[in-house]
2 protein chains.
Amino acid sequence: MSTRSEIIRIGDELIRDKGYNAFSFYDIAKALGIKNASIHYHFPTKVALGIAVLDEQMAALEALIEKGVQKEPLDKLKDFFSIYIKIEAEGKICIVGSLASDLHTLDVLLAAKLKEFANRTLEWVTDIVKEGHEKGVFRLSSTPRDKALMIITNMLASLQLTRLTGGQDFNTIKDTIIKELKA
Amino acid sequence: MSTRSEIIRIGDELIRDKGYNAFSFYDIAKALGIKNASIHYHFPTKVALGIAVLDEQMAALEALIEKGVQKEPLDKLKDFFSIYIKIEAEGKICIVGSLASDLHTLDVLLAAKLKEFANRTLEWVTDIVKEGHEKGVFRLSSTPRDKALMIITNMLASLQLTRLTGGQDFNTIKDTIIKELKA
DNA sequence: GTCTATATTCCGATAGAC
DNA sequence: GTCTATCGGAATATAGAC
């Protein structure tokens with residue numbers, strides 16, 4: 001693993017653990033056993049690092065979408081859930097939720113990347129829901145886009161809320177979404 | 001309006017606009033036309049201000065609950081929605097969602113208040129859903145607690161997501177929740 | 001690529017005059 | 001209650017040696 005990709009990985013974790021405005025280059029330097037200034041060799045500014053983190057997430061998203069393109073709608077949806085299952089196991093939150101909370105403090109380039117990422121996610125889940133509806137396996141009481149938004153918001157905010165309410169509600173919510181969706 | 005309550009009001013707005021770690025006492029001082037140090041007369045620390053903001057929100061929540069205690073479940077739910085309708089009109093986000101993103105950077109006292117507030121909200125909505133189910137007006141495919149969590153997460157994260165996806169999806173989501181709930 | 005050293009800015013907080 | 005002045009700390013970022 002190159003130092004550059006390690007910095008991206010730790011930066012990503014810090015954003016989803018403490019938030020973009022609360023982590024510092026020192027946090028990363030400490031974790032890697034190098035000095036503060038060395039981070040600036042790989043990323044001139046904090047904004048540049050933030051953009052690299054989102055580029056990495058976007059690439060991972062596209063890879064996940066591509067890998068499941070032949071799957072059935074329900075299995076595609078489970079691929080989507082797998083993102084949040086992993087985050088939940090880490091005790092962290094979704095990067096979209098984290099950065100959305102800081103939106104009005106973000107550099108315009110970073111904010112643009114974030115919007116791109118959120119819209120790509122919404123597009124993907126909307127397509128899954130639409131395909132499931134057309135194949136007769138999903139039951140809808142709204143447009144595919146609205147249903148997709150409801151599923152995404154359930155996942156995104158569950159990670160934030162269950163850190164506060166302490167229960168193991170995350171898994172039952174996931175199951176209830178599927179139960180309500182099945183035709 | 002006393003200076004103290006003005007500080008709380010602006011602090012609340014700043015948390016839901018920029019996030020707890022991104023706003024400063026100077027932001028408040030500037031908005032009120034006073035100096036930085038004057039804020040410290042009313043609130044010795046930033047944590048003390050944060051706690052006062054949550055205390056105010058908690059009092060408002062209890063007042064809203066109390067005011068609707070005689071209402072029908074659907075109208076109680078609409079009272080809950082009214083919180084988010086107001087926030088959406090301001091272009092801001094839910095304070096629980098904002099602070100939850102910063103949870104691991106918050107003072108323990110502030111974090112405790114936040115958990116208290118989130119649990120009280122969950123308790124309220126759970127009771128609404130349960131009452132609606134018992135009266136036969138709400139249809140459930142999960143426990144009242146799970147359904148309440150799904151409704152809350154829909155609202156909370158809608159405010160974060162629609163800042164990114166730009167649509168007017170917030171209102172249709174609200175309507176879809178009610179449509180799916182009606183027996 | 002990583003280091004030391006440093007410039008600069010900003011923030012939370014305190015002291016003391018009015 | 002608000003002011004001026006200031007302290008101490010932390011963060012982003014740069015310069016230049018190795």
Side-chain angles (χ1 to χ4, degrees), chain A residues 1-54 56 98-99 101-111 113-114, chain B residues 1-55 98-99 101-111 113-114:
Chain A
M1 212 55 139
S2 69
T3 303
R4 184 191 149 87
S5 60
E6 286 283 271
I7 293 170
I8 292 176
R9 182 181 59 79
I10 295 170
D12 178 271
E13 284 178 9
L14 284 166
I15 291 173
R16 292 183 296 103
D17 185 48
K18 302 171 65 175
Y20 181 79
N21 288 315
F23 91 89
S24 73
F25 275 26
Y26 176 70
D27 292 328
I28 299 176
K30 189 175 51 179
L32 287 179
I34 61 179
K35 295 296 171 180
N36 207 317
S38 301
I39 315 286
H40 282 278
Y41 170 79
H42 300 278
F43 300 97
T45 65
K46 191 177 180 180
V47 171
L49 172 56
I51 289 174
V53 167
L54 278 183
E56 192 81 9
S98 177
L99 289 176
S101 298
D102 299 327
L103 182 65
H104 292 165
T105 74
L106 299 181
D107 179 275
V108 285
L109 283 178
L110 193 51
K113 283 272 179 193
L114 175 62
Chain B
M1 210 59 136
S2 69
T3 303
R4 183 191 149 88
S5 58
E6 286 282 270
I7 293 170
I8 292 176
R9 183 181 59 79
I10 296 171
D12 178 272
E13 284 179 10
L14 285 166
I15 291 173
R16 293 183 295 103
D17 185 48
K18 303 172 64 175
Y20 181 79
N21 288 315
F23 91 88
S24 74
F25 275 27
Y26 176 70
D27 291 328
I28 298 176
K30 189 175 52 179
L32 287 179
I34 60 178
K35 296 296 171 182
N36 208 316
S38 301
I39 315 286
H40 282 278
Y41 170 79
H42 299 278
F43 301 97
T45 65
K46 191 177 180 181
V47 171
L49 172 57
I51 289 174
V53 167
L54 277 184
D55 281 340
S98 177
L99 289 176
S101 298
D102 298 328
L103 182 65
H104 292 165
T105 75
L106 299 181
D107 179 274
V108 285
L109 282 177
L110 194 51
K113 283 272 179 194
L114 176 61

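Residue numbering restarts at 1 for every chain, and letters A, B, ... go by the order of the sequence lines.
- For the pair K35(A) NZ and dT14(D) P, the interatomic distance rounds to 20 Å; values are reported in whole Å.
- For I34(A) and dT4(C), the CD1 to P distance is 12 Å, given to the nearest whole Å.
- Put simply, CG on N21(B) is 18 Å from P on dC10(C), counting in whole angstrom units.
- Legend: residues meeting salt bridge (Lys or Arg N to Asp or Glu O under 4.0 Å) with D55(B), ordered by chain and number and at least two apart, are K113(B).
- In this structure, CD1 of I39(A) is placed 15 Å from C1' of dT14(D), rounded to the nearest angstrom.
- With sequence neighbours excluded, no residue forms a salt bridge (Lys or Arg N to Asp or Glu O under 4.0 Å) with K46(B).
- In this structure, F43(A) and I8(A) have side chains that are in contact, with non-hydrogen atoms separated by less than 4.5 Å.
- Of the side-chain N and O atoms in S38(A), one or more sit less than 4.0 angstrom from OP1 or OP2 of dC3(C).
- If you measure from atom CD1 of I28(A) to atom P of dG1(C), you get 17 Å, rounded to the nearest angstrom.
- Taking atom OH on Y41(A) and atom P on dC3(C), their separation rounds to 13 Å, with Å as the unit.
- For D17(A), the side chain to side chain donor-acceptor pair (under 3.5 Å) partners are H104(B), not counting sequence neighbours.
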Distances for protein N/O vs nucleotides 12-18 of chain C N/O pairs under 3.5 angstrom?
unit_1	atom_1	unit_2	atom_2	d
dG12(C)	OP1	F23(B)	O	3.4
dG12(C)	OP1	K46(B)	NZ	3.0
dG12(C)	OP2	F25(B)	N	3.0
dA13(C)	OP2	K46(B)	N	2.8
dA13(C)	N7	H40(B)	NE2	3.3

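- For R9(A), the salt bridge (Lys or Arg N to Asp or Glu O under 4.0 Å) criterion is met by E6(A), E13(A), not counting sequence neighbours.
- The separation between H42(A) atom NE2 and dT12(D) atom C1' is 17 Å, rounded to whole Å.
- With sequence neighbours left out, the side chain to side chain donor-acceptor pair (under 3.5 Å) criterion links S24(B) to no other residue.
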